[in-house]
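Below is one structure, written out as C-alpha cells; the observations come after it.
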Protein chains: 2
Amino acid sequence: MSREITEARFLKQYDPKDYDSPLVTVDIALFTLHESTLQVLLVERGEHPHKGRWALPGGFIDLQADAELHDTAQRKLRQKTGVDVPLLEQVGTVGNAQRDPRGWSVTALYMALVPHAPTAEFIDSVTDARWWPIDEVGKLRLAFDHAELVDLARERLKSKTAYTVLPVHVLRQPFSLTQLQRAFELLMDATLEKKSFRRRILNAGVLEEAGEGVPEGGRGRPTVLYRPAKNSGQYLFTRVFG
Amino acid sequence: MSREITEARFLKQYDPKDYDSPLVTVDIALFTLHESTLQVLLVERGEHPHKGRWALPGGFIDLQADAELHDTAQRKLRQKTGVDVPLLEQVGTVGNAQRDPRGWSVTALYMALVPHAPTAEFIDSVTDARWWPIDEVGKLRLAFDHAELVDLARERLKSKTAYTVLPVHVLRQPFSLTQLQRAFELLMDATLEKKSFRRRILNAGVLEEAGEGVPEGGRGRPTVLYRPAKNSGQYLFTRVFG
DNA sequence: TCAATAGTGTCTCTAAGACACTATCAG
DNA sequence: CTGATAGTGTCTTAGAGACACTATTGA
C-alpha cells in the first residue's frame with residue numbers, strides 16, 4: 001500500500017523537468033496602416049532554427065518577469081516597437097509536433113494594432129525588425145508556421161472589424177470619419193458605403209468630437225475630428241457590416 | 001569569436017530541459033442538455049494538487065500519442081465519455097504564475113458539446129466523472145482556476161449561439177424545431193420568439209427535413225423533424241439573435 | 001368536445017444599402 | 001468660378017419582434 005502524502009509534501013518533491021513537456025512560445029502579429037496599406041511587423045531571426053528567415057515577433061515566456069501570457073506579448077512588442085500597443089488580444093493557440101524542428105511546440109498567438117507614426121523611428125533603429133506590407137508577406141518564406149499564423153491573425157482582424165470599432169487603434173487621435181472609414185476598408189479589404197458607415201459609427205456613440213481638422217490633401221471642406229469615447233473599446237454591433 | 005554552426009548541429013545539441021518552461025495542459029468544458037438544464041462534465045481529482053476537488057476534464061499533452069492540441073482534448077474526452085464529441089473548439093489559452101501551485105502554467109481551454117443520451121451510460125461507469133447542472137457548479141469549490149474557465153467557456157457558448165447554429169450539437173438527430181428552440185434558449189439563457197426563431201433557422205437553409213415525429217409530451221400536432229444539412233456547421237448569421 | 005403542442009400571417013421597427021444631393025474650403 | 005473633400009436626405013430592403021391566428025393530434 002502506498003502511503004498518502006500531503007499536498008505540501010507533493011509540491012515539495014514535484015519537479016516539472018521530470019516530465020516531457022512541449023516548448024511554449026508567444027507570437028504576435030502586430031498590424032499597422034502606412035501609405036494606404038496594411039502592414040505587419042516581422043523580425044529577422046538571428047538564431048537557429050530558421051536563422052535568417054523572417055518571423056513574427058515573439059519568443060519564450062520569462063517565468064520570472066512575466067506574470068501572464070499577455071505580459072510576455074507586451075514585453076516582446078515593447079522590445080521591437082518601443083511602445084505599449086493600444087490593442088493586444090489573443091487569437092488562439094496552435095500546438096503540434098511538426099511546427100518547430102526542436103519538437104512538440106505550442107504557441108499562443110496574439111493580434112495587436114498600433115498607429116504607425118509613434119513606432120516608425122524606433123523600429124528603424126532596430127536593425128532586425130521592419131514593417132512589411134501584408135501583400136508582400138506571402139512572397140517571403142517565413143519561419144516555422146508563421147505564414148499560417150499571419151493568416152489566422154489577419155482573418156481575426158477582418159472579422160472583428162465587421163462588428164466592432166477595432167480600427168480606431170491603428171489611427172492617431174484625433175481622426176476624421178474619412179480616415180476611420182479608410183482604416184475600416186483596409187482592415188476589412190472591402191469598400192464601404194459612406195452614409196452607412198457614418199450613420200453606424202455615429203449612432204453607436206463610441207466617438208466624441210475633438211475639434212476641427214484640415215481635409216485630406218489640404219483642399220476641401222474642413223473635417224470634424226473625433227476620438228474614441230471612454231469604454232467604447234468593447235462596443236459590439238448587432239449586425240455585421242459590409 | 002564563436003564559430004557558426006549549422007541548423008542540423010544546433011538541433012542535435014538542443015535539449016528543451018536546459019530551459020525553464022511552464023507546465024502545459026489542455027482543459028475542456030464539455031456541455032450537454034439534460035432534464036431541461038445545461039450541464040457540464042466535471043471530474044474529481046484523484047491526485048495532488050487539489051486532490052478531491054472537482055475539475056474540468058483535461059491534462060497533459062502526450063507528446064507521442066497526440067499530433068496536435070486538438071487530439072489531446074479529444075483523447076481526454078474519449079476517456080471520460082466513451083465517444084468522440086461532435087463539436088470541439090478552442091476558447092483561448094490562460095497562462096500565469098498563480099493558477100497552479102506547481103508553478104507557471106499554461107492551459108489551452110476547449111469548449112465541447114455532446115448530446116446527453118449516448119454518453120450517459122459510459123459516464124455512469126466512470127466513477128470519478130459526472131454531469132453537473134451549470135447552476136450548481138458555482139457552489140462547488142473547483143480546482144485551480146477552473147471556475148473561471150467554466151465561465152469563459154459558458155460565455156463563448158452563449159455568444160456563439162447568438163450567431164451560429166451551434167446548439168444542433170447538443171441534440172440527438174433528428175430533432176424538431178421546438179426541441180432546437182429549447183436548446184437555443186438554454187444555451188443562451190434567454191427566451192426566444194417562436195416565429196422569429198423558425199424563420200431565421202429555416203431561411204438559413206442549414207437544416208434538411210427528416211420525417212415526422214411525435215410532439216413533446218405525446219399529445220398535440222405531430223412535428224416535422226430535421227437534421228443539420230452538410231457543411232451547415234460554420235454558417236454565420238449576419239445579425240445576432242435574441 | 002377540450003387541451004395541448006406545432007406551425008403561420010402579417011404588421012411594425014431598426015438598421016443597412018444606394019445614391020443623389022448640399023456644404024465648405026483652396027486657388 | 002472650378003475642383004476637391006466633407007457631410008446629409010431620403011427611399012428601399014432585409015430581417016427581427018410581437019402577437020394573434022390556424023392546424024393536428026390524444027383523450
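Chain letters run A, B, ... following the sequence lines, proteins first and then strands; every chain starts at 1.
- Panel note: side chain Asp71(B), backbone Glu68(B); a donor-acceptor pair is recorded below 3.5 Å.
- We find that Lys76(B) and Asp27(B) are not joined by a salt bridge, their nearest charged nitrogen and carboxylate oxygen being 4.0 Å or further apart.
- If you check every strand for non-hydrogen atoms under 4.0 Å, Ser196(A) touches a base.
- More than 12 non-hydrogen atoms from other residues, nucleotides or ligands lie less than 6.0 angstrom from CZ of Arg78(A).
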Q: Give the C-alpha distance, both sets of side-chain angles, the deciding distance and a yes or no for side-chain contact (heavy atoms from CB on, under 4.5 Å) between Phe144(B) and Thr107(B).
A: CA-CA 11 Å; Phe144(B) 308 108; Thr107(B) 195; over 6 Å; no
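- The distance from atom CZ of Arg219(A) to atom P of dC1(D) is 19 Å, rounded to the nearest whole Å.
- Within the model, atoms CG of Leu33(A) and CD1 of Ile134(A) stand 11.5 Å from one another, a figure rounded to the nearest 0.5 Å.
- Between Pro222(B) and Phe241(B), it is Phe241(B) whose nearest contact on DNA chain D lies nearer the 5' terminus.
- Of the inter-residue distances, the one linking Lys158(A) atom NZ with Leu186(A) atom CG reads 11.5 Å to the nearest 0.5 angstrom.
- In terms of position on DNA chain C, the residue among Lys195(B) and Pro215(B) whose nearest nucleotide sits closer to the 5' end is Pro215(B).
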Q: Could you give me the CA-CA distance, side-chain angles and deciding distance for Thr81(A) and Ile123(A), then say whether side-chain contact (heavy atoms from CB on, under 4.5 Å) is met?
A: CA-CA 6 Å; Thr81(A) 66; Ile123(A) 290 175; 4.2 Å; yes
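- As judged by a 4.0 angstrom heavy-atom cut-off over every strand, Glu216(B) is placed among residues touching the sugar-phosphate backbone only.
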(Q) Applying side-chain contact (heavy atoms from CB on, under 4.5 Å) to Val85(B) and Ile28(B), what does each step give before you reach the verdict? (A) CA-CA 11 Å; Val85(B) 299; Ile28(B) 311 104; over 6 Å; no
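- Residue Val214(B) is out of contact with every strand shown, counting any heavy-atom pair closer than 4.0 Å.
- Within 6.0 Å of the CD atom in Gln79(A), the count of heavy atoms belonging to other residues, nucleotides or ligands exceeds 12.
- Note: CG (Leu225(A)) to C1' (dA6(D)) measures 12 Å, nearest angstrom.
- Against DNA chain D, the stretch residues 204-213 of chain B makes no heavy-atom approach under 4.0 Å.
- Rounded to whole angstrom, the span from the NZ atom of Lys194(A) across to the C1' atom of dA4(D) amounts to 11 Å.
- Across all strands shown, Arg199(B) has heavy atoms under 4.0 Å from base atoms, whether or not it also approaches the sugar-phosphate.
- When rounded to the nearest whole Å, the span between CG of Leu202(B) and C1' of dA16(D) equals 15 Å.
- One end of the helix from dT1(C)-dA27(D) to dG27(C)-dC1(D) points its axis 10° away from the other end's axis, with each axis taken from 5 pairs and the angle rounded to 10°.
- Glu185(A) places a side-chain N or O within donor-acceptor distance of the main-chain N or O of Leu192(A), the cut-off being under 3.5 Å.
- Phe237(A) has its CZ atom 18 Å from the C1' atom of dG15(D), to the nearest Å.
- Between Ala29(A) and Leu56(A) the shortest heavy-atom distance is CA-CD2, 4.0 Å.
- Here dA14(D) presents its P atom at 11 Å from CZ of Arg239(B), a figure rounded to the nearest Å.
- Using a 4.0 Å cutoff to heavy atoms of chain B, the contacted part of DNA chain C runs 5' to 3' from dA4(C) to dT10(C).
- Inspection of the Gln179(A) and Glu216(A) side chains reveals an N or O donor paired with an N or O acceptor under 3.5 Å.
- As rounded to whole Å, 16 Å separates atom C1' of dG17(D) from atom CZ of Arg198(B).
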